[in-house]
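Here the structure is laid out as structure tokens; the discussion comes afterwards.
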4 protein chains.
Amino acid sequence: MAELQLNDRRERRIAARKAQILDAAAQVFSRQGYERATTREIADMADVSEGTLYNYFNSKRELLIGVAKAYADQLAEEIARVEAEDFGEMLANLMANRFRTGRERRLFMLFLYESRHNVDVHQYYVQDAMHRIINETEKRIIFLIEQGRMRPIDPVVAARTLSATIMGFAALFELGASVEHTSPEKLGEQVTDIFLNGLRTQDGAGARARG
Amino acid sequence: MAELQLNDRRERRIAARKAQILDAAAQVFSRQGYERATTREIADMADVSEGTLYNYFNSKRELLIGVAKAYADQLAEEIARVEAEDFGEMLANLMANRFRTGRERRLFMLFLYESRHNVDVHQYYVQDAMHRIINETEKRIIFLIEQGRMRPIDPVVAARTLSATIMGFAALFELGASVEHTSPEKLGEQVTDIFLNGLRTQDGAGARARG
Amino acid sequence: MAELQLNDRRERRIAARKAQILDAAAQVFSRQGYERATTREIADMADVSEGTLYNYFNSKRELLIGVAKAYADQLAEEIARVEAEDFGEMLANLMANRFRTGRERRLFMLFLYESRHNVDVHQYYVQDAMHRIINETEKRIIFLIEQGRMRPIDPVVAARTLSATIMGFAALFELGASVEHTSPEKLGEQVTDIFLNGLRTQDGAGARARG
Amino acid sequence: MAELQLNDRRERRIAARKAQILDAAAQVFSRQGYERATTREIADMADVSEGTLYNYFNSKRELLIGVAKAYADQLAEEIARVEAEDFGEMLANLMANRFRTGRERRLFMLFLYESRHNVDVHQYYVQDAMHRIINETEKRIIFLIEQGRMRPIDPVVAARTLSATIMGFAALFELGASVEHTSPEKLGEQVTDIFLNGLRTQDGAGARARG
DNA sequence: AATGAATGAGACTTCATTCAT
DNA sequence: TATGAATGAAGTCTCATTCAT
């Protein structure tokens, strides 16, 4: 009994320490990038020694993977919560929720970049997280199409187009290349408008793509 | 006379060598990223010694800037050539021309990432190249609106939405997360369709965004 | 308590290691000169790895500055100890104490040379150490003049002449260009004799400088 | 005939080019020191290419030796010219003539330093030049002693003491540690005074070294 | 004879990782 | 379990020297 409790406490302490280190790593990685970040910086930020880092993770690389995994998990949770009866709301949710803070955008870009250099990051970030979002979006689009509230456009393409746009905006924001004269909310509405009036069922019969 | 020819030849040789080195650098950087790339790899790829690298560029960093500059210049040329009487054509051009090859997409992602860490890359890539594309797109959208062939949507927003989408698709492609069951041409058409039927003037009066 | 002891021991270990490295650096620098010395040699001489060097000093340059600082400190201590009631003793002290060993003479020449190339060395060596010696000498000469035991010669000039002679002898020794047929003690006496019979009050009224 | 003239012209051209390069080398070496000087700098200063340097000298090291040789030769000439009937004049000549310009002082310090690292420089500078000066001084002191115008002090010691002082002053000047409130002429007189009233025969019988 | 681009050895420095305390 | 000093591999960059033109 007492032993179980002890083990429990110990495990919780270990988990807490791991989280503390991962949080520090996420901060440093997102700011500096993986290669430029040093284990010394991460240790300082986590307020532990470099040696301790290696008691919880086998290598700097595993730290990155840990951050990616945590990010993917968090994403999964959020996606599960997204309500999307309404398309506009779904898009707004995706845009707003995803890249609200600079840190989130920077992490996004970090993984985008590191995916190409680290197969584990690719696994957790691209396969698990990104595809999950895309597939979820796809399902909702299929639902809306079935409901007759959206034109019968290929849902695979539609979902990817939406995702691409959201990702692109994250990058534009991060590079300081976005729209400054509009509020994020207004921007969300406008983008939704652009998409909607092409994605949903058209009344106007003549509304065909011809430019 | 003979001297002039000599100087001419010399200058051409220097320019050629510089281009040869930049090309090697672009390849290595695009594959490995800036930090992971080594000057030895670049030298090997360029088939010169490491010392020679430094006869033409003062540092590894300047090599990256050189690649960014060349990329931005090439982009500027291509943009100038884009014909865009027709919106669909313009979008197809932007999508197809930009990220045709893997190398181009990788360079794009390299600069996207390095912009955050190198003020010169940000200058050449984000300020010069990216903003140039966005502004050009904006002008064309304004033109189409004036012609009555497009809904009067804020051109700033519209241009950025298009750019974000294109950038996002580049990333999706590069991560192997795109649509495999569709040909690039078909994909281009579909994306154009999605955008068009929201950006152009709507006949159907009732077609408002409500989800 | 135990912690304090631990910190104490740690600090002493660090100080010892630093001293060990500085000593090695002093040896290598004094033998090879700053530019010719390599960090590898210094590390080998200190019996540590090159990396360890950089745990204690930020650069090769700071290693040199460290040596200069230590040298200046040591000099200051010695100067404070020089007894100079008697002029002959003072001169003998200055000559003998300063450049007794080859290593000290070589360090002296190293700093003499490096002062022109390194502003910090100039600071520590010329400003702190050398000027301190000269000023101290000046004070003692003034004292002897006041006591009527020395001719009223400009103490600024006299102190610098003495210093110049001592420095010059150090160089002559180091270059193997000095007097081999005389013992150091005998030499000291003779030089003192030369100086004395010009610096102290002259009884012989006719003894004026004319050659 | 014509051929001889041609050879003559050719040889003179070569000598001139060599001198031009040596002069540049002297400037750069005296400013930067041997190790810090680059062949590129020397070539630029001499207004020739780096390749040309190697047509006239086999290595950077030989450039230094060449400069040392030229310096020693120049010194020999000057020494031959020094008139020294009068001791004061001799000393003044030695002090003033030798280290008039900053460049000469810097060269002096360069050779002082490099003698320890380069056996050829040691040969030309220490053996040839410095010992020549010292020996010449010795001879003149012997002469003055024989004339009864100087006390019978060991001429070996006396000559070295004078040389040491002069060298020391050169260093003090170069380090900006000398006397600013006195003109060079006045300084020379004062130093002469100090030396004289110890080196020449003393009338005052009681004037013995006792401190 | 002059040029200067090319070379590559070797220097300084960084930093992930280890391990004795 | 935590620490942080020690390590050494590896990276960037410099520069004396060579050699084809």
Side-chain angles (χ1 to χ4, degrees), chain A residues 10 13-14 17 21 34-44 46-63, chain B residues 6-7 9-10 13-14 17-18 21 35-43 46-63, chain C residues 6-7 9-10 13-14 17-18 21 35-43 46-63, chain D residues 10 13-14 17 21 34-44 46-63:
Chain A
R10 184 169 158 279
R13 206 185 51 222
I14 289 177
R17 182 55 63 101
I21 291 173
Y34 176 73
E35 290 292 341
R36 270 176 263 250
T38 66
T39 49
R40 145 97 50 178
E41 271 176 300
I42 294 169
D44 284 354
D47 224 36
V48 298
S49 72
E50 279 188 82
T52 300
L53 245 48
Y54 284 82
N55 285 337
Y56 292 87
F57 297 89
N58 289 319
S59 65
K60 187 186 173 189
R61 175 132 304 211
E62 290 209 357
L63 269 171
Chain B
L6 215 68
N7 276 337
R9 221 183 301 161
R10 189 172 152 274
R13 205 186 50 222
I14 290 178
R17 184 52 63 100
K18 226 174 163 170
I21 291 173
E35 291 292 342
R36 265 176 267 250
T38 67
T39 48
R40 164 163 295 279
E41 273 175 300
I42 295 170
D47 222 37
V48 296
S49 72
E50 277 191 78
T52 297
L53 247 47
Y54 287 86
N55 284 340
Y56 292 86
F57 298 89
N58 290 320
S59 65
K60 187 186 174 191
R61 176 130 304 210
E62 288 208 0
L63 226 29
Chain C
L6 215 70
N7 276 337
R9 218 183 305 161
R10 190 172 151 274
R13 204 187 51 222
I14 290 178
R17 184 51 62 101
K18 224 174 163 166
I21 291 172
E35 291 292 343
R36 266 177 267 251
T38 67
T39 49
R40 165 164 294 279
E41 273 175 299
I42 295 170
D47 222 36
V48 297
S49 72
E50 279 189 79
T52 298
L53 247 45
Y54 287 85
N55 284 340
Y56 292 87
F57 298 90
N58 290 320
S59 64
K60 187 187 174 190
R61 175 131 304 209
E62 288 208 0
L63 226 30
Chain D
R10 187 170 156 277
R13 205 184 53 223
I14 290 178
R17 182 54 63 99
I21 290 173
Y34 176 73
E35 290 292 342
R36 270 176 261 253
T38 65
T39 49
R40 146 95 55 174
E41 269 176 300
I42 294 170
D44 284 354
D47 224 36
V48 298
S49 72
E50 279 189 82
T52 299
L53 246 47
Y54 284 83
N55 284 337
Y56 292 88
F57 298 89
N58 289 320
S59 66
K60 188 186 173 189
R61 173 129 306 207
E62 290 209 358
L63 270 171

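Within every chain, numbering begins at 1; the chains are lettered A, B, ... in the order of the sequence lines, protein sequences first and strands thereafter.
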- Task: Sort and list the pairs that fulfil salt bridge (Lys or Arg N to Asp or Glu O under 4.0 Å) and have at least one residue in residues 47-58 of chain D, not counting sequence neighbours.
- Result: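 As it turns out, the salt bridge (Lys or Arg N to Asp or Glu O under 4.0 Å) pairs with a partner in residues 47-58 of chain D, which skip direct neighbours, are D/Arg40-D/Glu50.
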- Let me have DNA chain E in dot-bracket notation, would you? Count Watson-Crick plus G-U wobble pairs, both distances under 3.5 Å, and use [ ] for pairs crossing earlier ones and | for inter-strand partners. .||||||||||||||||||||
- Task: For each nucleotide in nucleotides 5-10 of chain F, reading 5' to 3', give B when a protein heavy atom comes within less than 4.0 Å of its base, S when such contact involves only the sugar-phosphate, and - otherwise.
- Result: SBBB--
Restricting to side chain to side chain donor-acceptor pair (under 3.5 Å), what partner residues turn up for [X], sequence neighbours left out?
X       : answer
B/Ser49 : B/Thr52
B/Thr38 : B/Glu41
C/Arg36 : D/Glu35, D/Glu114

- Can any side-chain N or O of B/Lys18 pair as donor or acceptor with the backbone N or O of B/Phe57 at less than 3.5 Å?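 Not a single qualifying donor-acceptor pair exists.
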- Message: Would you say that D/Arg17 contacts D/Asn55 through its side chain, given a criterion of any heavy-atom pair below 4.5 Å between the two side chains?
- Response: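 No, side chains not in contact.
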Mind calculating the distance between [atom1] ([X]) and [atom2] ([N]) to the nearest angstrom?
X       : N      : atom1 : atom2 : value
A/Ile21 : F/dT1  : CD1   : C1'   : 12 Å
B/Ile42 : F/dG11 : CD1   : C1'   : 12 Å
B/Glu62 : F/dT12 : CD    : P     : 15 Å
D/Arg36 : E/dA11 : CZ    : P     : 16 Å
C/Glu35 : E/dG10 : CD    : P     : 17 Å
C/Lys60 : E/dA11 : NZ    : P     : 9 Å
D/Asn58 : F/dT17 : CG    : P     : 10 Å
A/Asp44 : E/dC15 : CG    : C1'   : 13 Å

- In Å, rounded to the nearest 0.5 Å, how long is the span from CD1 of B/Ile21 to CG of B/Leu53?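 Interatomic distance, B/Ile21 CD1 to B/Leu53 CG, rounded to 0.5 Å: 5.0 Å.
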- Query: How long is the gap from CD on C/Glu62 to OH on C/Tyr56, to the nearest 0.5 Å?
  - Reply: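 C/Glu62 atom CD to C/Tyr56 atom OH measures 15.5 Å (nearest 0.5 Å).
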- Message: Can you tell me if C/Thr39 touches the phosphate of E/dC12, counting only side-chain N or O atoms and a distance under 4.0 Å to OP1 or OP2?
- Response: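 For C/Thr39, the contact criterion (side-chain N or O under 4.0 Å from OP1 or OP2 of E/dC12) is met.
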- Item | E/dT17 phosphate, OP1 or OP2, under 4.0 Å from A/Tyr54 side-chain N/O |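 For E/dT17, OP1/OP2 do have a side-chain N/O of A/Tyr54 under 4.0 Å.
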- Message: Heavy atoms only, 4.0 Å cut-off, all strands: where does C/Ala43 land among base, sugar-phosphate and nothing?
- Response: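 Nothing: the residue C/Ala43, judged by heavy atoms under 4.0 Å, touches no strand.
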